[in-house]
Novice: 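Below: one structure in structure tokens.
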Number of protein chains: 2
Amino acid sequence: MSQPSEQSRKTRILDAAERAFADLGFEGASLRQIVQAARVNLATVYYYFGSKEGLMAAVFERRFGPLRDEHWEALQKLDKEAQGYPLPMEKILETMLRPALRLATAAAPQGRTVMRLIGRIASDPDPRIQELFRGQFREVRQAYLERIHRSAPELPEADILWRFEFIWGAFAFVLCNPAKLERITGGMCNPADMNTLLAQMVACFAAGFRAPAVSRTGPASRCGKRRPNARDRV
Amino acid sequence: MSQPSEQSRKTRILDAAERAFADLGFEGASLRQIVQAARVNLATVYYYFGSKEGLMAAVFERRFGPLRDEHWEALQKLDKEAQGYPLPMEKILETMLRPALRLATAAAPQGRTVMRLIGRIASDPDPRIQELFRGQFREVRQAYLERIHRSAPELPEADILWRFEFIWGAFAFVLCNPAKLERITGGMCNPADMNTLLAQMVACFAAGFRAPAVSRTGPASRCGKRRPNARDRV
DNA sequence: GTCTATAGAACGATAGAC
DNA sequence: GTCTATCGTTCTATAGAC
């Protein structure tokens with residue numbers, strides 16, 4: 001029991017940490033600033049979460065647990081609709097990108113923060129954070145890759161992987177600093193306008209997956225595994 | 001004059017700083033670690049560069065000055081070839097992406113580091129770094145946007161800007177952690193294989209620019225400027 | 001469970017001798 | 001130009017009272 005309890009201390013810490021990590025990255029955010037915003041003592045963080053890394057893990061789990069569930073439900077629904085036939089690429093991409101954007105509206109008023117968090121963390125330098133983040137979505141990622149492969153069977157696996165990474169790179173980049181993006185495009189691109197962002201990404205990358213193969217050999221190719229060397233010229 | 005001078009102290013500091021910033025980001029890298037790697041004293045950094053931010057600015061200028069020159073040369077050559085006609089989208093994208101990749105081989109043995117630096121810095125949380133980086137390429141960026149617009153005149157400006165940002169997001173993401181990308185794709189995607197990376201990006205995003213418009217109105221549209229609100233549903 | 005107090009280390013930056 | 005020494009701050013983390 002305590003006095004300042006519009007919410008539990010734990011929740012307040014998670015909210016403040018989420019915002020700090022989203023704005024400043026894992027390294028840039030400090031626990032002192034977080035506990036000040038959460039109106040709790042520094043020691044409280046260690047009591048509940050053990051360490052800064054533990055706090056980050058809890059921030060992840062709170063948001064990304066439900067997000068994973070939503071992905072699985074959406075995938076199940078998608079497969080049911082398909083009845084064994086390959087899915088339209090647009091449908092797959094929309095299903096893949098929508099949950100993260102939905103979360104941003106569902107988790108109000110912290111929603112926009114969650115978007116930035118995803119963007120920021122996807123390109124965080126710290127390997128501990130990389131692994132923490134990746135562990136949350138490893139299976140989901142594989143599921144989408146399989147659907148894409150089934151819908152573009154002629155595309156070599158290497159090509160699919162490259163373009164798949166391009167999607168997440170673009171997504172993270174756009175999400176991690178919406179204000180900057182809006183500024184440098186003179187207000188023409190606003191990531192907070194999530195319907196437009198979704199439509200633009202689906203249109204761009206569905207077309208991208210339909211582009212001709214780049215790898216020289218077929219789907220069973222190993223050409224992606226070629227070891228590049230210092231004599232490669234660009 | 002001094003003893004350990006396989007290179008000048010200034011160069012050694014720049015090399016070490018470049019590597020540290022590329023690996024750990026601006027905040028994550030510490031001056032003490034940099035001066036240790038450069039085998040100089042901490043005060044030397046302040047003598048030459050004034051501050052940590054000044055050091056980062058010098059790191060940028062050393063690499064991105066020549067990079068800008070290369071962009072302008074490539075653009076000039078491109079326009080000459082075109083003779084006033086719209087350029088093929090593939091040609092524009094290849095011209096736009098190649099200099100950064102060329103730099104990676106030209107600046108050996110620091111080349112790979114420069115690639116990671118570009119990727120890391122493009123999504124750095126610190127607004128000072130954002131501005132420092134953006135200032136290096138503002139005009140170059142505008143030049144490529146104009147060429148793209150001329151080659152896809154039917155595409156609304158908002159659509160062009162969205163997809164343009166997707167490109168840089170994908171590029172930064174792939175560059176900033178090549179080792180991670182290679183690992184999670186089971187060795188099928190290796191950003192150090194720069195010819196393949198370039199070909200994959202050109203193929204994917206040239207097709208992306210040819211995808212139908214998403215914004216409802218024409219090139220003079222303002223629909224991108226719509227203020228989204230909290231009731232937007234995804 | 002929650003607090004105060006503080007350890008112990010790392011940080012950016014500067015002063016001043018040579 | 002280059003160094004040593006150090007200031008003042010901030011950080012993660014912990015010990016121990018209540």
Side-chain angles (χ1 to χ4, degrees), chain A residues 1-60 120-121 124-129 131-132, chain B residues 1-60 120-121 124-129 131-132:
Chain A
M1 286 304 122
S2 60
Q3 281 111 320
S5 63
E6 56 211 30
Q7 290 168 315
S8 78
R9 282 171 149 77
K10 212 169 165 176
T11 302
R12 289 210 310 275
I13 294 174
L14 286 172
D15 285 347
E18 189 168 85
R19 182 181 306 272
F21 288 141
D23 288 338
L24 307 164
F26 180 70
E27 175 114 26
S30 85
L31 291 180
R32 291 180 140 85
Q33 157 195 25
I34 290 168
V35 300
Q36 191 179 4
R39 306 190 311 284
V40 298
N41 189 277
L42 178 61
T44 315
V45 171
Y46 289 94
Y47 175 77
Y48 281 118
F49 306 102
S51 69
K52 191 182 185 183
E53 192 177 346
L55 174 57
M56 179 59 113
V59 166
F60 279 6
R120 186 72 64 207
I121 258 49
D124 197 283
D126 194 318
R128 293 174 302 170
I129 305 303
E131 203 44 46
L132 225 51
Chain B
M1 286 305 121
S2 60
Q3 282 111 322
S5 62
E6 56 213 29
Q7 290 167 316
S8 77
R9 284 170 146 78
K10 212 169 165 177
T11 303
R12 289 210 310 274
I13 294 173
L14 286 172
D15 285 347
E18 188 168 86
R19 184 183 302 275
F21 289 141
D23 287 338
L24 306 163
F26 180 70
E27 174 114 26
S30 84
L31 291 180
R32 291 179 142 84
Q33 157 196 23
I34 289 169
V35 300
Q36 190 180 5
R39 306 189 312 282
V40 299
N41 190 277
L42 177 60
T44 315
V45 171
Y46 289 93
Y47 175 76
Y48 281 117
F49 305 103
S51 69
K52 190 182 185 184
E53 192 178 346
L55 175 57
M56 179 59 112
V59 167
F60 278 5
R120 185 72 65 208
I121 258 49
D124 197 285
D126 194 318
R128 292 174 302 170
I129 305 303
E131 203 45 45
L132 224 51

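Sequence lines set the chain letters: A, B, ... in the order given, protein chains first and strands last, and positions in each chain run from 1. Note that the structure is a prediction, hence the values are computed from the model and not measured.
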Novice: For residues A:E27 and A:K52, report the shortest heavy-atom separation together with the two atoms involved.
Specialist: O-NZ, 3.6 Å

Novice: Between B:I13 (CD1) and D:dT2 (C1'), how many Å, whole number?
Specialist: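 Whole-Å distance recorded here is 11 Å.
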
Novice: For a quick check, with a 4.0 angstrom heavy-atom cut-off, what is the B/S/- contact string for nucleotides 12-17 of chain C, read 5' to 3'?
Specialist: BBB---

Novice: I need the full list of ring-ring contact (aromatic ring centres under 6.0 Å, His included) pairs touching residues 7-48 of chain A, with sequence neighbours left out, sorted by first then second residue.
Specialist: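 Sorted result for residues 7-48 of chain A: A:F21-A:F26.
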
Novice: Side chains of A:F49 and A:K10: does their closest heavy-atom pair fall under 4.5 Å?
Specialist: yes

Novice: Is it the case that over 12 heavy atoms from other parts of the model lie below 6.0 angstrom from the CD atom of A:E53?
Specialist: yes

Novice: Using OP1 and OP2 only, check whether a side-chain N or O of B:Y47 sits under 4.0 Å from D:dG1.
Specialist: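 Result: yes.
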
Novice: Check the distance between C:dC11's P and B:L24's CG and give it to me in whole angstrom.
Specialist: 11 Å

Novice: Show every donor-acceptor pair shorter than 3.5 Å between a side-chain atom in residues 28-35 of chain B and any protein atom, with sequence neighbours excluded, or say none if there are none.
Specialist:
| from | atom 1 | to | atom 2 | distance (Å) |
| --- | --- | --- | --- | --- |
| B:S30 | OG | B:Q33 | N | 3.2 |
| B:Q33 | OE1 | B:S30 | N | 3.4 |

Novice: Report the distance from atom CG of A:L55 to atom P of D:dC11, rounded to the nearest whole Å.
Specialist: 15 Å

Novice: Which heavy atom of B:A43 sits nearest a heavy atom of B:N41, and at what distance?
Specialist: N-OD1, 2.8 Å

Novice: Within less than 4.0 Å of OP1 or OP2 of C:dC3, is there a side-chain N or O belonging to A:R9?
Specialist: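 Affirmative; the distance criterion is met.
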
Novice: Is the phosphate of D:dG1 approached by B:T44 (side-chain N or O, under 4.0 Å from OP1 or OP2)?
Specialist: no

